[in-house]
Participant: 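The structure that follows is given in the form of C-alpha cells.
Lettering of chains follows the sequences in order, A, B, ..., and the numbering in each one begins at 1. Keep in mind that what you see is a predicted model, and the values were worked out from it rather than measured.
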Protein chains: 2
Amino acid sequence: MDQIELVRDFNRFYTQRLGVLNDHYLGQGRPLGEARLLFEIGDGADLRELRSRLGLDSGYLSRMLRSLGAAGLVTVGSHPSDGRVRTATLTPAGRRERADLEARSRDSVAALLDPLTPAQRERLLEAQASVRRLTRLATITIEAVPDDTASARACLHAYAGELDLRFPEGYDPATLIAPGTLTEGAFLLAREAEQPVGCGLWQGAGPIAEIRHVWVSPDARGLGLGRRLLTAIEQDAAAHGITTVRLGTHPVLTEAIALYRASGYRAIPAYGSSPYDQLAFEKRLQAT
Amino acid sequence: MDQIELVRDFNRFYTQRLGVLNDHYLGQGRPLGEARLLFEIGDGADLRELRSRLGLDSGYLSRMLRSLGAAGLVTVGSHPSDGRVRTATLTPAGRRERADLEARSRDSVAALLDPLTPAQRERLLEAQASVRRLTRLATITIEAVPDDTASARACLHAYAGELDLRFPEGYDPATLIAPGTLTEGAFLLAREAEQPVGCGLWQGAGPIAEIRHVWVSPDARGLGLGRRLLTAIEQDAAAHGITTVRLGTHPVLTEAIALYRASGYRAIPAYGSSPYDQLAFEKRLQAT
DNA sequence: ATATTTCTCTGACTATGGTCAGAGGTCGTG
DNA sequence: CACGACCTCTGACCATAGTCAGAGAAATAT
C-alpha cells in the first residue's frame, strides 16, 4: 500500500470511529445542526457572526433559531449598538442543555481513554498532536500577493510589533518595506483556512536578492512553517533567475539563525545598512 | 487543557479538515449515499451484504439502487444459488464513475502530502498509524460470555488451528475446553466492531485458578490487546476471590512468554498434565 | 404439502439540511 | 432626508436521508 492509500485508509478509519462516537453523543433528540448551533452561541453571539462561522444561509439560521426559541433554549434580541444586527443568547435551559451535550461528549471520550494505560494515553496524545501539526502544515497555502494587500500589511505589522518587543533597542516600523515598493521581487503570504499566518519576501534585480521579513504567526509556530516559507521564497527567487540569496538578522533571533544554518546558509560579513541586521547569511541557489 | 479536551480538540480539528476534503471530492453531483454505495458494490455484492455493511434500510437501499440503475451505473440481478437474494453489479459506466471517485480521492490526498518533505510524510504516516493502533485498542470491548457461544467457539477453533501450525508436534483440538464445561471461571471475549478478535479464560474454584486459551486474532496483533486481555482476566479472577493465577505454555510461543514475564509472572515448575504445557508461570494477584 | 422464514421491492410518510426571492427594518453617506 | 448597503425574517421551495408497513417470491422447516 502506498502512502496515499495509507492516509486514505486512516481517514476512513478515523471518520468511521468518530462518526459512531459523535452520532451517539449528539444524536440525543436534537438535530445535529441545532446542537452545533447551541454550542456556537455559547455566551451570546451575533447572528451575522454565527452565520459566517457555521457557513449557514440566513433563512436557515433564522428557522433553526425559531425552533430553538420555541423549545425555550434561546432568546434572540437586538444588538445594543447596531439595530440591524440581532444577538442570540442561551436561556438557563439552553445553558443546561449545552452543558449536557458537553458532558456527554466528554464522557464518550473518557470512555475511549479508559481502557488505555497512562503510558498509552500519553502516546495517543503525542501521536494525535503530530498528526495535527503535520496536517496543519500541509494544509497551509503559500502564495505570492502584492505587498500592499491588507493581509500582507497585517503580517508585517505583527512582525514589527514582535521585533519591537524582542530587540533590546526596539524596532522602528519605518524599517518595514514601504507598501507598493516591491517591484523587483515577490511577497509570499502563508494562509491557514484563509487566515494569514506568515509571510516573507525576496527583493532584488538579480543575480543576488535579499530575503526579508520572514515571519510566522505565534499560533502557527512549531509546525515547520518557517522552513516551508524559506524554501518557497528560495524557489520563487530561483524561478526568477536569482542565483544567490542573502539576508541580515539580529543576534537575539536565535531560532531564525538556527533555521538559516540548518537550511544551508553560511555566515557572511554584515552587508546592509540597517542597524538591526548585525548578522548576515548567504546561500547559493540550485537552478531547478 | 486536560487529556479529554485534547482528544476532543483533535477530533474536532480532524473531522473539520476531513469534512472539507471529503465533501470536495465526493460532492461531485452524486449524493453521498449513492457515492458510498458505488464504492461498496465494487465487483458485485449481494444486497443483503450491502445492507449490513452500510447499515441501510432495505427500502432505502432499493431506492438508491433504482436511482443508480436509472443512471446506467448499476444492474441488479438474481443470485445464482439463492433466488431470494439479489446481486448488484457495476456497469462499465459505473466502474468508470467509481474509478473517477477513487482518483479524485487519491488526488486530494496527494495534494495534502505534496507540501511535506519525505521525512515529514514518514512522520505523518507513523503518527497516524499510532493513533489508529491505540484507537483500535481502546475501542475493543472485553466481556464475559458463556464458553459455548458461537463466537467463543470460533475463537477457540482459530486458536487451536494456529497452535497446530506452530507446534512441531501439532495440536489436538480435543485439548480445548469442552463447550459448556466452564462452570467455575469465566470466558472473556474481545470484540472489535462486534467481530470477535480475541479470547481467554480463567478456571478454578480458588484460591488458585488457571488461565487458559489466551488468543489474539492475527489482524488485531501489535495493538497491545494481549496485555489488555490478560489484565482483564486477572481482574475478573481477582474479583471472584482468586488470589493466584497460573498458566502453562509451550516453548515456541515466545511472544506469549515475553508477555507473561513483562506482566509480572514468575516461572514455576510445570504442573499440568497437558503435554503442550511444558513451561509454567504463576502470578499472585493484588486484591483491588 | 404446508407453514414459516428470509429477502426484496413498493409506496407512503417524516425529518433534516439547504436554497432562493422578496419584504421590511436600520445604518451610513451624500 | 433620500439613497443604497446591510441585516434579518418569512414563506415557498427542493434534495437527501431515513423509517415503516405490507406485498410477493423463494427457500427452509415441519
Participant: Determine, for Phe10(A) and Arg132(B), whether the Lys NZ or Arg CZ falls below 6.0 Å from the six-membered ring centre while staying within 45 degrees of the axis.
Facilitator: no
Participant: If you round to the nearest 0.5 Å, how far is CG of Leu201(B) from SG of Cys155(B)?
Facilitator: 11.5 Å
Participant: Side-chain contact test, heavy atoms from C-beta onward, threshold under 4.5 Å: evaluate it for Leu124(B) versus Val131(A) and give yes or no.
Facilitator: yes
Participant: Could you work out which one of dT8(D), dT10(D), dC7(C) sits closest to the side chain of Val85(A)?
Facilitator: dT8(D)
Participant: Can you sort out which residues in residues 44-57 of chain A have a heavy atom within less than 4.0 Å of DNA chain D? Ascending by number, please.
Facilitator: Leu47(A), Arg48(A), Arg51(A)
Participant: Assuming nearest nucleotide by heavy-atom distance, tell me which of Leu61(B) and Arg63(A) is located more 5' along DNA chain C.
Facilitator: Leu61(B)
Participant: Could you pull out the closest heavy-atom pair between Thr87(A) and His79(A), with the gap in Å?
Facilitator: OG1-CA, 3.7 Å
Participant: For Leu65(A) and dG17(C), what is the distance between atoms CG and C1' respectively, to the nearest whole Å?
Facilitator: 15 Å
Participant: Got a salt bridge between Arg96(B) and Glu102(B), using NZ or NE/NH1/NH2 to carboxylate O under 4.0 Å?
Facilitator: no
Participant: What's touching nucleotides 27-30 of chain C from the protein side, N or O pairs under 3.5 Å?
Facilitator:
| unit_1 | atom_1 | unit_2 | atom_2 | d |
| --- | --- | --- | --- | --- |
| dC27(C) | OP1 | Gly83(A) | N | 2.7 |

Participant: Enter the distance from Leu61(B):CG to Arg66(B):CZ here, rounded to the nearest 0.5 Å.
Facilitator: 11.5 Å
Participant: Once you round it to whole Å, what is the distance between C1' of dT16(D) and CG of Leu32(A)?
Facilitator: 15 Å
Participant: Could you tell me how far apart Met64(A) (CE) and dC9(D) (P) are, to the nearest whole angstrom?
Facilitator: 12 Å
Participant: Show every side-chain hydrogen bond (donor to acceptor under 3.5 Å, both in side chains) that has at least one partner inside residues 133-143 of chain B, sequence neighbours left out.
Facilitator: Arg17(A)-Thr139(B), Ser130(B)-Arg133(B), Arg136(B)-Glu192(B), Glu143(B)-Arg191(B)
Participant: Output yes when Glu40(A) and Arg36(A) qualify as a salt bridge under the 4.0 Å nitrogen-oxygen rule, no when they do not.
Facilitator: no
Participant: In whole Å, what is the span from the CG atom of Leu68(A) to the C1' atom of dG17(C)?
Facilitator: 14 Å
Participant: Which whole-number value in Å describes the distance from Arg66(A) CZ to dT16(C) P?
Facilitator: 15 Å
Participant: Which one, dG17(C), dC9(C), dA17(D), comes nearest to the side chain of Arg86(B)?
Facilitator: dC9(C)
Participant: Can a salt bridge be assigned to the pair Asp2(A) and Arg8(A) using a cut-off of 4.0 Å between side-chain N and carboxylate O?
Facilitator: no
Participant: Identify which nucleotide among dT10(D), dC9(C), dT19(D) has an atom closest to any side-chain atom of Tyr60(B), counting heavy atoms from C-beta outward.
Facilitator: dT19(D)
